[in-house]
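Below, all heavy atoms of this structure are taken into account, side chains as well, without hydrogens, waters or symmetry copies. Reminder, nothing fancy here: chain letters follow the sequence lines and each chain counts from 1.
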Amino acid sequence: MSADPKTLLADLLRQALNSVAPDHVDTPIVLERPKQASHGDFSSNLALQLAKPMRRSPRDLAALLMAELPASPQVAKVEVAGAGFINFTLVADAKTSVVNAVLSQRERFGRGAATGTKVMIEFVSANPTGPLHVGHGRGAAYGASLASVMDFAGHTVAREYYVNDAGRQMDILALSTWLRYLANFDITVPFPPNAYQGSYVVDMGGEIRNAHGDRFAKVTAEQVLAGVCSVEDDKEDHLDGLIANAKRLLGEDYAWIHDFALTEQLGDCREDLEGFGVPFDKWFSEKSLFDTGLVERAVTALEQQGHIYVQDGAKWFRSSTFGDEKDRVVQRENGLFTYFASDIAYHLNKYERGFDRIIDIWGADHHGYIPRVRGAIAALGLPTEKFEVALVQFAVLYRNGQKAAMSTRSGEFVTLRELRKDVGNDACRFFYVLRKSDQHLDFDLDLAKSQSNENPVYYIQYAHARICSVLAQWNGVERDLLDAELARLDGERELALCARLAAFAEVIQSAAADYAPHQVAFYLKDLAGEFHSWYNAERMLVDDEALMIARLALAAAVRQVLVSGLALLGVSAPTSM
RNA sequence: GCGCCUGUAGCUCAGUGGAUAGAGUACUGGCCUCCGAAGCCAGGGGCCGCUGGUUCGAUUCCAGCCAGGCGCGCCA
């Protein structure tokens, strides 16, 4: 089979353009698949584009182009339509040959040629201070699907999770754990309202007691509260005072508690994500950026470039000269680096690892953070065009028609694990990715739970199961389908299915380019829909052997693309349901 | 106040500088003696938020308004 039809038609149009309008040979040639079958298999608006510069009517130009179009055995019909569109209808062979391509290339069908581009996608990166909730789930599903789609499109993709193991939030978790542990020994310190309330913290306290007895309990409540301001005065100062006391009273044991809590929560998080079909190639530690001195090196580099100044004892990065609305502190008055400083170091590290494209997936609430990171990258003299942020809008959970509160610290949230258990991994992954990332997602928990059978994922899986069932009843050798007489596929629905299959690679490329894995989900819905429609209209297991083989070949091709597409979204393709 | 996202059928959402703006759901009516009815077929339902601008052509691009969400820390 020669070049794909789209490339062929573009070549033909280019030749026609060369003779009709040599001065305009650089006009981009756009071929699209018309929505309506009556408009042919491909349509070009070339004549409409040329109308203005050439000062001729679009329809006249279309007729001229058509007259100069070289003949091709693949093209059955060319016509001028509407305002001046040139519509192409392919011969049946050119349409059905895709079936053979799918069956011979199998899971490689639709895969883009290797681009050699190294892409890093960093996503989820939630603080390991508690279970992942449904908001994190969206970032996880989106990131994992995008990574798979970009990989399939031909890029080399690295998936990474940035572990915030160095900040105050981890200290709050360590303190929370310790206080819960102390309660086992009747050392009762009022639990701060802004500490981590979840029952998992109580559990961790219990585990430490079981394993180590009173090793960390050689204190009194008075010592823990010594010199700490009251909650009423300032609850954040109150918390910081307790943390300082904990560090002082526990000495080296503080690090033990801190690391225990971190390891527990990170392990829980990793296990949850793996169960969700969201793997990572690397879990990058924020703390390691300090250990290797990269944070200091990054700030020093900015300083040497003259982008840092000192004010009120703190070091400020002049991000306002790089488009940010104001300057930002990188090192506080107390000498501690800010989260922003380690983030600058992290991005420096990403560049130093030689990625061509660095994609961060953030929650939409972090959008204000983009200019300062981009500014820091620019200030370090690094190419900012390699850096992109994909914002994922909030997933708002509804329960009983009411917006449900979601806060890790308050402990009032629905965990990703609960959601997965309720609606299943497949429906969960699919539901999350069924919307554009910049669209707010209303996650109706009651609907997802009670009517999960109405989730479109089952519609697609059902098409797959049906095909498996028919092929099983045929009980033939699937290799024989490669020799099918595809000319027997001449029905309207069959040719439409072939066209849909042929569009798979285009959908992959588009989804990868637009960071829009939802396009794959909608494509699969369309493909499944066209299959169901055909299935109801025609029988596959017919007496006419050649016709049966041709139809089974088409069905097998549909099955292959369903499997490939669902795999990209992390959804299974069961043979029966 | 400034910044980002959103506004399309009753509801949840796709989509496009172009031809009659689509799907699911809900509602109405049909289709299993025949490969899986978690399916199919048919029907009604729309100032594509409003007002201007660019264009041969705008629901799409631009500006301004209106409405909703989110953000604007020496937090992470």
Protein and nucleotides 54-56 of chain B: nitrogen or oxygen contacts under 3.5 angstrom:
{"from": "B:C56", "atom 1": "OP1", "to": "A:Lys52", "atom 2": "NZ", "distance (Å)": "3.1"}

Describe, in one word, how the ring planes of A:Tyr339 and A:Tyr369 are oriented to each other, choosing from parallel (under 30°), tilted (30 to 60°) and perpendicular (over 60°).
tilted
To the nearest Å, how far apart are A:Phe522 CZ and B:A21 P?
20 Å
A:Phe531 has an atom CZ; how far is it from atom P of B:C41, in whole Å?
13 Å
Please give the distance between the P atoms of B:A23 and B:G43 as a whole number of Å.
11 Å
Taking the nucleotide of RNA chain B with the nearest heavy atom to each, does A:Asp327 or A:Val470 sit closer to the 5' end?
A:Val470
Quick check: does any side chain N or O of A:Trp534 sit under 3.5 Å from a backbone N or O of A:Leu497, one acting as donor and the other as acceptor?
no
Rounding to the closest angstrom, what is the interatomic distance between B:C4 and B:C62 at atom P?
12 Å
Could you give the CG-to-P distance, from A:Asp365 to B:G71, as a whole number of Å?
6 Å
Does A:Glu506 come within less than 4.0 Å of A:Arg33, counting only side-chain N to carboxylate O?
yes
Going by a 90° cut-off around 0, is B:C62 syn or anti?
anti
Distance, P atom - from B:G15 to B:U6, rounded to whole angstrom
11 Å
Count the heavy atoms belonging to other residues, nucleotides or ligands that lie under 6.0 Å from CD of A:Glu492, then report whether that count exceeds 12.
no
Distance check, P atoms only: B:C65 and B:G3, in whole angstrom units.
10 Å
A:His39 NE2 to B:U20 C1', in whole Å, measures 9 Å
When the P atoms of B:A37 and B:C32 are considered, how many whole Å apart are they?
12 Å
Does A:Tyr309 form a side-chain hydrogen bond (donor to acceptor under 3.5 Å, both in side chains) with A:Asp327? I'd like the steps, not just the answer.
CA-CA 10 Å; A:Tyr309 62 92; A:Asp327 297 338; 2.6 Å; yes
The correct set of residues in residues 366-375 of chain A placing a heavy atom under 4.0 Å from RNA chain B is A:His366, A:His367, A:Tyr369
Just call it for A:His532: base, sugar-phosphate, or nothing, with non-hydrogen atoms closer than 4.0 Å on any strand.
sugar-phosphate
Please tell me if the side chains of A:Val231 and A:Pro193 come closer than 4.5 Å, counting only heavy atoms from C-beta onward.
yes
Quick test of your reading of the model: are A:Arg493 and A:Glu538 salt-bridged, counting only N-O distances below 4.0 Å?
no
Regarding A:Ser533, tell me which of base, sugar-phosphate or nothing describes its non-hydrogen contacts under 4.0 Å with the strands shown.
sugar-phosphate
Could you state the atom-to-atom distance from CD of A:Glu325 to C1' of B:G71 in whole Å?
9 Å
Can you tell me if the side-chain N/O atoms of A:Ser576 get under 4.0 Å from OP1 or OP2 in B:G36?
no
hbond_proxy A:Ser43 side chain to B:A19 base (donor-acceptor, 3.5 Å cutoff):
yes
Relative to the 5' end of RNA chain B, which residue comes earlier, A:Gln393 or A:Met577, by the nucleotide with the nearest heavy atom?
A:Gln393
For a quick test of reading the model: is some side-chain N or O of A:Gln439 closer than 4.0 Å to OP1 or OP2 of B:A14?
yes
Check the phosphate of B:C31 against A:Tyr535, side-chain N and O only, distance under 4.0 Å to OP1 or OP2. Yes or no?
no
At 4.0 Å (heavy atoms only), tell me whether A:Ala314 reaches a base, stays on the sugar-phosphate, or touches nothing.
base
On a whole-Å scale, what distance lies between the C1' atoms belonging to B:U54 and B:A14?
27 Å
Look at the aromatic rings of A:Phe387 and A:His347 and report parallel, tilted or perpendicular, splitting at 30° and 60°.
perpendicular
With a 4.0 Å cut-off on heavy atoms, is A:Ala81 in touch with a base, just the backbone sugar-phosphate, or nothing at all?
base
OP1 or OP2 of B:G73 versus the side-chain N and O atoms of A:Lys326: is any pair under 4.0 Å?
yes
Under 4.0 Å between any heavy atoms, over every strand shown, what does A:Glu530 touch: base, sugar-phosphate, or nothing? Just pick one.
nothing
Does A:Asp343 come within less than 4.0 Å of A:Arg372, counting only side-chain N to carboxylate O?
no
B:G36 C1' sits how many Å from A:Arg539 CZ, rounded?
12 Å
Cation-pi between A:Arg466 and A:Tyr535: NZ/CZ under 6.0 Å from ring centre and within 45° of the ring axis?
yes
Quantified in whole Å, what is the C1' atom distance between nucleotide B:A26 and nucleotide B:G69?
27 Å
With a non-hydrogen cut-off below 4.0 angstrom, is A:Ser437 in contact with a base, only sugar-phosphate, or nothing?
nothing
Check every atom of B:C35, B:C74, B:A19 against the side chain of A:Gln473 and return the nucleotide holding the closest atom.
B:C35
For A:Tyr142 together with A:Tyr432, are the ring centres under 6.0 Å from each other?
no
Mind calculating the distance between NZ (A:Lys436) and P (B:U8) to the nearest angstrom?
11 Å
Looking at every strand, decide which applies to A:Asp312 at a 4.0 Å heavy-atom threshold: base, sugar-phosphate, or nothing.
base
Rounding to the closest angstrom, what is the interatomic distance between B:U59 and B:G53 at atom P?
13 Å
Kindly express the pairing pattern of RNA chain B in dot-bracket notation, using | wherever a base pairs with another strand and counting only Watson-Crick or G-U pairs under 3.5 Å.
(((((((..((((....[...)))).(((((.......))))).....(((((..]....))))))))))))....
Is any side-chain N or O of A:Arg328 closer than 4.0 Å to OP1 or OP2 of B:G73?
no
With a 4.0 Å cut-off on heavy atoms, is A:Ala465 in touch with a base, just the backbone sugar-phosphate, or nothing at all?
base
When you compare the ring of A:Phe85 with the six-membered ring of B:A19's base, are the centres less than 5.5 Å apart and the planes under 30° from each other?
yes
Between A:Asp240 (CG) and B:A76 (C1'), how many Å, whole number?
13 Å
For A:Ile344 and A:Ala376, which heavy atoms make the closest approach, and how far apart are they?
CG1-CB, 3.7 Å
Counting only side-chain nitrogens and oxygens, does A:Arg551 get under 4.0 Å of the OP1 or OP2 atom of B:C35?
no
As a quick check of understanding, evaluate ring pair (Phe, Tyr, Trp, His ring centres under 6.0 Å) for A:His39 and A:Phe85, giving each step before the final call.
CA-CA 9 Å; A:His39 292 149; A:Phe85 294 96; 7.6 Å; no
B:G36 phosphate, OP1 or OP2, under 4.0 Å from A:His464 side-chain N/O:
no
For B:A76, does the base pair up with any side-chain atom of A:Asp171 as donor and acceptor (N or O, under 3.5 Å, distance only)?
no
Any side-chain donor paired with an acceptor under 3.5 Å for A:Gln519 and A:Ser510?
yes
Touch class at under 4.0 angstrom, heavy-atom based, for A:Gln461 against every strand present
nothing
